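Computed from heavy atoms alone, side chains included, the values below leave out hydrogens, waters and symmetry copies. Worth saying up front: this structure is predicted, and the values here are computed from it rather than measured. Protein chains get the first letters and strands the later ones, always in sequence-line order, with residue 1 at the start of each.
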Amino acid sequence: MKQQIVNLVHDALKKLQYPVPDSIKCDYPKIEAHGDISTNVAMLLTKELKQPPRKIAESIVEKLRENSNDIKEIQIAGPGFINFFFTEDYFKRNIKTIIDQNEQYGKSDLLRGKKANVEFISANPTGPLTVGHGRNAVLGDTIANFLEWSGSEKVDREYYFNNAGRQMRVLGESVRLRYLELLGDPVDYSDEYYQGEYIKDIAQQLIDEHGISLKDEPAEGTFKAAAEAAIFTEIQKTCERLGIKFDHFYNEQSLYDNGYVEEVINLFREKNLAYDKDDAVWLKASELGIEQDRVIVKSTGEPTYRLPDIAYHREKFRRGYDIIVDILGSDHHAAYPDVLAGVKALGYDDSKIKVVLYQFVTVLRDGIAVKMSTRKANYITLDELIEEAGPDVVRYFFLMRSPQSHLNFDLDLAKQQTEENPVYYLQYAHARIASILRFAVSSSQEFGWNYTEGDELSGEQLGALQEKEEIDLAKRLEQFPEIVELCTNSYEPHHMGTYLTDVAMHFHKFYHAHRVITTEHARSLARLSLCRATKIVIAAGLNTLGISAPDKM
RNA sequence: GCGCCCGUAGCUCAAUCGGAUAGAGCAACGGCCUUCUAAGCCGUAGGUUACUGGUUCGAUUCCAGUCGGGCGUACCA
């Protein structure tokens with residue numbers, strides 16, 4: 001609908017030989033009296049045309065009237081808005097479209113032919129996923145969903161991890177010390193080691209399997225490997241509870257094993273973008289738009305995180321992805337420009353990389369902020385949260401806010417008041433419709449007609465929809481494809497939640513104002529069509545967010 | 001110090017490249033179930049969009065400054 005107006009306005013401007021402003025804005029007005037779509041184009045042209053906006057609007061409207069089919073009325077209002085009112089028939093026909101397209105409704109080919117890679121979580125396997133990872137996980141998975149809905153040819157969900165760094169050495173040593181401790185050896189378990197109980201569990205597991213035979217093993221060997229395997233298994237289980245499945249686990253170590261890291265250094269040297277100083281290797285970041293040069297290989301011979309990160313992103317390009325999405329916590333905001341500058345310097349188009357930065361989650365326990373630290377074991381695990389609130393609530397909670405919004409997660413509220421959680425509002429509307437459809441099957445005879453599953457699908461009786469609540473609802477349903485597009489383009493899934501709340505609200509209003517199943521056969525079928533279409537949209541919307549749409553609650 | 005994000009109803013948050021009368025949920029108060037799910041609906045109350053200035057037809061949105069919070073500012077990731 002919006003696109004239709006944009007095209008019409010463009011045509012009109014062309015006919016009038018008016019300049020076309022960079023961005024013509026078409027909005028859904030907040031107020032009903034302002035029509036279904038509103039544009040500000042006339043006001044944008046006042047300066048260039050040196051005419052009052054209302055006068056410009058008049059001449060545009062004149063041209064618009066020539067080819068208005070679904071448009072009932074065009075008004076000029078306020079300082080110079082042009083407001084479009086669509087015919088009710090247009091929205092009714094769309095109900096039929098929704099029913100016909102069913103699960104395909106809202107899908108588009110916006111990203112046809114594009115291969116996408118969405119990298120998210122990417123936590124090193126040193127401990128269980130925390131609430132903070134939860135936001136990352138849900139955002140990444142959902143953004144991937146939207147890319148799929150918008151026609152991306154292939155969307156790979158990817159988890160990048162490092163099992164070779166200092167953290168992992170400390171982890172191995174932690175397990176080794178707990179192992180010795182459990183065997184009765186005196187150990188000094190200082191707070192530099194991982195404090196979580198899960199370390200003891202892994203150590204106990206090793207005792208069960210190997211007895212005391214590992215006493216003289218180095219931390220780097222069996223201990224580290226066992227810890228990594230155990231923790232990774234748990235991480236994957238946690239993800240599965242949220243309905244998240246990865247296509248690839250990409251190991252940072254493989255970048256070294258395959259020589260890619262070395263290649264990148266050499267490429268930088270060839271391009272004269274790397275040099276040696278103080279026993280370290282430096283990247284001439286200052287020539288790439290960064291304030292100062294950065295170390296990429298430390299004097300110890302170990303690379304800094306930048307180097308493998310650049311090599312990794314180079315691999316993403318070389319693997320043929322057109323859309324590369326990184327989901328990062330705000331603590332990484334200083335790091336990724338180096339990586340972008342690096343891959344750009346290697347000749348890749350860094351505009352294909354979209355970095356989604358989300359702000360931190362503050363967890364409130366008993367009203368007090370909990371400081372998160374995996375090492376200190378001072379965290380709330382994602383598992384605990386899923387256990388308490390359920391996967392749908394957890395997903396919705398993380399998705400109902402914009403990524404750049406700081407998020408307070410009140411644990412007590414999440415645990416105690418799940419009954420009041422807004423996600424139930426949406427699911428309830430869906431379940432209610434399912435119930436109505438069941439009722440039609442079981443009880444239509446009592447109203448003097450015989451319904452069989454699917455009678456409403458023809459949409460022939462839609463003319464019987466005349467009530468305000470019916471049309472209001474139909475109008476909301478018509479917006480769904482544009483909301484999918486908005487979520488895709490903005491990488492901000494929360495718009496879908498806001499939209500679905502609006503749809504559910506208008507459904508509930510309709511439901512309370514009018515009975516669906518009555519003795520009037522045609523009208524009942526028309527309302528069943530409206531219900532069916534609403535059910536499709538709510539289910540689809542919840543589906544994009546990875547949330548279930550129950551038929552019964 | 002400098003950089004990024006944020007500050008909107010009592011609380012948690014929306015507001016689609018600057019649009020017309022700033023919206024939901026929760027909490028509060030008052031109504032609505034012998035008819036398709038009351039996890040719902042209707043109504044009331046709640047705001048100087050942190051503050052001050054600026055830009056213009058128009059600012060929650062853009063700019064400058066102030067105050068407050070978060071995260072960074074490494075040869076940690």
Side-chain angles (χ1 to χ4, degrees), chain A residues 2 22-23 25-31 33-34 38 40 43 46-47 52-53 77-81 83 122-124 162 165-167 252 277-282 291 294-300 302-306 308-309 329-335 357-360 362 369 397 400-410 413 417-425 427-429 431-440 442-444 446-447 482-483 485-487 489-490 492 494-495 497-499 501-502 504-505 507-509 511-513 515-518 524 527-528 531 552-553:
Chain A
K2 209 183 262 188
D22 295 342
S23 52
K25 191 166 180 180
C26 288
D27 275 337
Y28 299 109
K30 292 174 191 161
I31 296 160
H34 296 157
S38 175
N40 63 346
M43 287 176 294
T46 48
K47 278 212 174 120
F81 292 100
N83 297 333
S122 295
N124 290 338
N162 178 17
R166 195 186 69 86
Q167 287 177 35
E252 178 178 333
K277 193 181 92 177
D278 305 332
D279 295 330
V281 182
W282 294 68
E291 309 109 59
R294 305 289 196 193
V295 170
I296 50 177
V297 181
K298 296 185 252 180
S299 53
T300 61
E302 263 186 315
T304 63
Y305 67 91
R306 291 184 191 93
D309 268 12
S330 63
D331 55 336
H332 286 74
H333 83 260
L357 271 187
Y358 62 92
Q359 295 301 311
F360 267 28
T362 306
F397 204 99
M400 58 191 286
R401 272 87 181 185
S402 89
Q404 66 261 32
S405 153
H406 293 274
L407 170 46
N408 278 347
F409 204 124
D410 189 326
L413 211 69
Q417 303 199 346
T418 52
E419 290 292 307
E420 303 297 334
N421 194 293
V423 69
Y424 291 108
Y425 187 76
Q427 293 180 319
Y428 185 62
R432 202 175 224 182
I433 295 170
S435 172
I436 293 170
L437 294 170
R438 285 194 298 270
F439 182 82
S442 67
S443 307
S444 58
E446 295 166 26
F447 295 87
E482 283 167 24
I483 301 296
E485 190 178 326
L486 172 64
C487 291
N489 289 336
S490 65
E492 291 179 347
H494 73 281
H495 292 117
T498 307
Y499 165 76
T501 304
D502 193 43
M505 181 181 78
F507 172 74
H508 288 308
K509 278 177 193 282
Y511 174 86
H512 280 275
R515 263 196 74 86
V516 175
I517 314 290
T518 66
S524 296
R527 288 184 175 160
L528 281 170
C531 286
K552 281 183 183 170
M553 284 177 76

- Message: Dot-bracket, 5' to 3', for RNA chain B please: Watson-Crick or G-U pairs under 3.5 Å, [ ] where pairs cross earlier ones, | where the partner sits on another strand, dots elsewhere.
- Response: (((((((..((((.....[...)))).(((((.......))))).....(((((..]....))))))))))))....
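Between the side chain of S38(A) and the base of A20(B), a donor-acceptor pair under 3.5 Å is found. If you check distances only, the side chain of H406(A) never reaches the base of G7(B) with a donor-acceptor pair under 3.5 Å. With hydrogens and angles left out, the side chain of D27(A) and the base of A20(B) share no donor-acceptor pair within 3.5 Å.
Closest approach to the I31(A) side chain among C76(B), A20(B), C13(B) is made by A20(B) (side chain taken as heavy atoms from C-beta onward). Closest to the side chain of A77(A), out of C36(B), A20(B), G3(B), is A20(B). The side chain of S435(A) approaches C36(B) more closely than any other nucleotide in the set C36(B), A77(B), A24(B). Counting only heavy atoms from C-beta on, T498(A) has its side chain closest to A14(B) among G70(B), A20(B), A14(B).
By the criterion of a centre-to-centre distance under 5.5 Å and near-parallel planes under 30°, the ring of H34(A) forms a stack with the base of A20(B). Residue side chain F81(A) fails the stacking definition with respect to G19(B), as its ring centre and the base's six-membered ring centre are not both under 5.5 angstrom apart and under 30 degrees in plane angle.
The same atom, P, is picked in A27(B) and in U55(B); the two are 46 Å apart, to the nearest Å. For C62(B) and U56(B), the C1' atoms lie 11 Å apart once the distance is rounded to whole Å. C2(B) and C41(B) have their P atoms separated by 50 Å, with the value rounded to a whole Å. Of the C1' atoms belonging to G68(B) and C33(B), the separation is 49 Å, rounded to the nearest Å. Taking atom P in both U61(B) and C5(B), one finds a spacing of 15 Å when rounded to whole Å. Only the P atoms considered, G40(B) is 43 Å distant from G58(B), to the nearest whole Å.
A431(A) comes within 4.0 angstrom of a base, heavy atoms only. Nucleic acid contact class of H494(A) (heavy atoms, under 4.0 Å, all strands): sugar-phosphate only. D309(A) comes within contact range of no nucleotide atom at all, as no heavy-atom separation falls under 4.0 Å. Nucleic acid contact for Y425(A): sugar-phosphate only, since backbone atoms but no base atoms lie under 4.0 Å from a heavy atom of the residue. Heavy atoms of K552(A) sit under 4.0 angstrom from at least one base atom.
A heavy-atom distance below 4.5 Å is not found between the side chains of N162(A) and Y305(A).
By the 6.0 Å contact criterion, CZ on R166(A) is open, its count of non-hydrogen atoms from other residues, nucleotides or ligands being 12 or less.
Contacts of Q167(A) classified as side-chain hydrogen bond (donor to acceptor under 3.5 Å, both in side chains), with partners at least two apart in sequence or in another chain: none.
Each of D331(A) and L437(A) lies near RNA chain B, and the nucleotide nearest L437(A) is the one positioned closer to the 5' end.
Geometrically, R432(A) does not engage F507(A) in a cation-pi contact defined by less than 6.0 Å to the ring centre and at most 45° from the axis.
In this entry the distance linking NZ of K298(A) with C1' of A77(B) reads 10 Å, nearest Å. In this structure, CG of L407(A) is placed 20 Å from P of G25(B), rounded to the nearest angstrom.
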Between N or O atoms, less than 3.5 Å apart, protein on one side and nucleotides 44-49 of chain B on the other: list the pairs.
none

